[in-house]
Amino acid sequence: MLIWIVLAVVLLPLVVLALAVRPVLTRLPRLRRAAVALQRRASEAEALRETAEALQQRAEGIQTQLDTAQRHLMVIKAKRG
């Protein structure tokens, strides 16, 4: 009789644990696919960030050229009177 009680005390929590873990294990492939998709999106976002920084630097360079051109235009207009 004592053996049955010990077996019930040991096996019943293991069965409950197995039943609790089963849904998580069935979701692992979907979670893995989601993680891979998130990593891919993160790398795409990083590439976009780098592109945006390059465009920002280019825009700043063009703004500098525009300022220089405006100053030259003002000098030309001033010379013409």
Side-chain angles (χ1 to χ4, degrees):
M1 184 68 161
L2 183 63
I3 292 176
W4 288 108
I5 294 172
V6 170
L7 285 176
V9 168
V10 171
L11 291 180
L12 187 61
L14 288 176
V15 169
V16 171
L17 178 64
L19 291 174
V21 169
R22 184 175 168 256
V24 174
L25 292 178
T26 59
R27 291 181 186 162
L28 280 179
R30 278 191 295 173
L31 290 173
R32 188 171 293 123
R33 283 193 302 269
V36 168
L38 285 174
Q39 287 175 344
R40 186 174 58 245
R41 295 259 172 122
S43 65
E44 291 172 358
E46 179 66 23
L48 287 174
R49 185 190 61 78
E50 291 172 0
T51 303
E53 287 178 356
L55 286 173
Q56 179 68 31
Q57 290 175 353
R58 185 171 179 204
E60 290 171 359
I62 290 173
Q63 182 65 40
T64 303
Q65 290 176 353
L66 179 62
D67 292 342
T68 303
Q70 285 178 340
R71 281 196 306 262
H72 284 122
L73 185 60
M74 290 175 67
V75 168
I76 291 171
K77 284 182 179 180
K79 287 182 178 179
R80 284 188 176 178

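Positions are given from 1, in the same order as the sequence printed here.
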Q) Do Gln56 and Glu60 have side-chain atoms, one donor and one acceptor, less than 3.5 Å apart? A)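 There is such a pair between these side chains.
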Q | Heavy atoms of other groups near Arg58 CZ, more than 12 under 6.0 Å | A |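 12 or below, so no.
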Q) Are Leu7 and Leu14 connected in the hydrophobic side-chain network, where two residues link if heavy atoms are under 4.5 Å apart? A)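 Linked within one cluster.
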Spacing of [atom1] belonging to [X] relative to [atom2] belonging to [Y], to within rounding of 0.5 Å:
{"X": "Thr68", "Y": "Leu73", "atom1": "OG1", "atom2": "CG", "answer": "12.5 Å"}
{"X": "Glu50", "Y": "Leu55", "atom1": "CD", "atom2": "CG", "answer": "12.0 Å"}
{"X": "Leu17", "Y": "Leu11", "atom1": "CG", "atom2": "CG", "answer": "12.5 Å"}
{"X": "His72", "Y": "Asp67", "atom1": "NE2", "atom2": "CG", "answer": "12.0 Å"}

Q | Closest contact, heavy atoms only, Pro13 versus Val10 | A |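 Pro13 and Val10 have their closest heavy atoms at CD-O, 3.5 Å.
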(Q) Do Val6 and Ile3 make a side-chain contact, defined as non-hydrogen atoms from C-beta onward lying under 4.5 Å apart? (A)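 Val6 vs Ile3: side chains apart.
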